[in-house]
Amino acid sequence: METTANSLVTVEKSKTSKIDQVDFDNLSFGSTFSDHMLVCDYKNGAWENPKVVPYGPVSLDPSAKIFHYGQSIFEGMKAYKDTEDSTWLFRPLDNHKRLNISAKRLAIPEIPENYFMEGLKTLLKVDEKWIPKNEGSSMYIRPFIFASGNGFHASPANEYKFMICLAPSGAYFSGKVKVLIEEKYSRSANGGVGFAKAGGNYAGQFYPTQLAVEKGYNQVIWTDDNTHEYIEEAGAMNIFVRINDTLITGPTSDRILDGITRKSIIEIAKDENINVEVRKLTVSEVVTAAKDGSLKEMFGAGTAAVISPISGFGYKETDYDLPELKEGFASLLKKRITDIQYNKAEDKFGWRYKL
Ligand code: PLP
Ligand code: COI
């Protein structure tokens with residue numbers, strides 16, 4: 001193993017590479033991992049010694065608090081290649097800020113910006129040849145922090161690991177996305193952790209989502225926990241609805257993740273002179289619009305999902321289909337945001353970040 005270091009991050013290179021075993025033309029989402037990962041430990045009250053090391057298992061004591069009390073948070077980002085072979089990130093400092101918002105809520109120590117950014121950049125440079133160049137593919141980046149400290153006492157751990165893994169990935173959804181509007185289960189509640197990217201938020205969704213999948217849907221659209229009358233967000237995406245020519249999305253709250261794609265789409269849509277309303281959206285309004293034909297589009301927005309048009313939704317045992325629009329808001333907004341991400345168009349918002 002060859003060991004080098006920049007001022008902050010140590011690099012221990014793997015002797016071999018798995019890259020020749022990867023079919024970059026047929027990448028699924030998040031199931032192939034690059035040769036290296038970043039690991040940084042929190043011990044004795046401080047984050048120390050971020051290092052890039054060969055990708056591989058992590059050894060933990062069985063009493064590590066992550067296993068028992070679920071202190072775990074993560075982020076989702078992507079790196080994109082342009083036609084000149086340059087690598088770009090999209091609003092990475094926003095992911096760092098959000099990771100620390102999640103950290104605070106889960107009583108996890110915040111990670112300093114230079115550890116996050118230098119660790120990320122060093123790892124991406126080491127595994128740069130892993131970043132897919134094919135249209136629609138990208139390097140999915142998963143920064144995460146979990147409690148590695150030991151003990152069954154139900155209190156925050158005294159040791160943590162911050163890690164970043166890289167997964168060259170294709171599309172998150174393989175086909176049409178059909179959703180079920182949830183009437184019984186809840187993803188989050190007032191005063192809870194819904195706004196945080198906490199691992200447990202996803203675990204809590206799996207069972208209701210399995211029930212929806214058994215009925216032929218791909219994702220659940222979560223409604224508010226109190227009345228189930230308001231549309232909140234989907235399992236891994238924020239939700240936009242187009243009624244006539246108005247684009248509507250719910251306001252963020254302590255129950256909803258403040259999506260970076262969501263806020264970018266709102267800005268791009270305004271720039272396109274689309275009438276955008278950020279307001280509470282009722283299920284009954286969407287059902288009425290589906291019945292009278294004014295519901296033109298629904299789509300999910302997220303880093304993994306990019307912009308995923310919704311082909312129909314189920315609610316109270318009835319299915320509602322949406323028209324297939326080739327040139328709707330979803331396709332326009334997807335082109336505008338991906339053109340910025342892949343450095344194909346001007347970035348008037350200053351969101352692109354060169355590696
Ligand atoms: N909502 C949830 C629950 C998510 O997991 C995600 C994915 O990150 C999003 C929304 C979209 O957020 P972003 O656009 O920052 O990826
Ligand atoms: C992302 O879009 O980055 C997410 O975190 C969604 C994930 C649950 C796949």
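No experiment lies behind these values; they were computed from the predicted model shown. Values below: every heavy atom of this structure, side chains too, minus hydrogens, waters and symmetry copies. All ligand and atom numbering here is 1-based and tracks the order in the structure.
- Across Glu118 and Leu8, no two heavy atoms sit closer than the pair CB-CD2, 3.8 Å.
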Next on the checklist: If you apply the rule side chain to side chain donor-acceptor pair (under 3.5 Å), what do you find for Gln71 with Tyr160, and how did you get there?
Outcome noted: CA-CA 9 Å; Gln71 259 188 307; Tyr160 296 84; 3.0 Å; yes

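- Closer than 4.0 angstrom to ligand 1 sit non-hydrogen atoms from Arg98, Arg187, Lys197, Tyr202, Glu233, Ala234, Gly235, Ala236, Met237, Asn238, Leu257, Gly259, Ile260, Thr261, Ala301, Gly302, Thr303.
- Aromatic ring centres of Tyr55 and His36 lie farther apart than the 6.0 Å criterion allows.
- Considering all non-hydrogen atoms of both residues, Ser138 and Tyr80 come closest at CB-CD2, 4.0 Å.
- Closer than 4.0 angstrom to ligand 2 sit non-hydrogen atoms from Phe74, Gly76, Tyr140, Arg142, Tyr172, Lys197, Tyr202, Ala236, Thr303, Ala304.
- In summary, Glu75 and Arg142 do not engage in a salt bridge, as defined by a charged side-chain N under 4.0 Å from a carboxylate O.
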Next on the checklist: Run the side-chain contact (heavy atoms from CB on, under 4.5 Å) test on Asp41 and Asn49 for me, step by step, so that the C-alpha distance in whole Å, both residues' side-chain angles and the decisive distance to 0.1 Å come before the verdict.
Outcome noted: CA-CA 7 Å; Asp41 288 307; Asn49 188 20; over 6 Å; no

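- In summary, of the residues considered (Phe146, Tyr202, Phe144), a ring-ring contact (aromatic ring centres under 6.0 Å, His included) with Phe74 occurs for Tyr202 alone.
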Item to check | Working for ring pair (Phe, Tyr, Trp, His ring centres under 6.0 Å), residues Tyr140 and Phe29 | outcome: CA-CA 8 Å; Tyr140 185 73; Phe29 176 84; 4.8 Å; yes

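- Closest heavy-atom contact between Ser169 and Pro132: N-CG, 4.2 Å.
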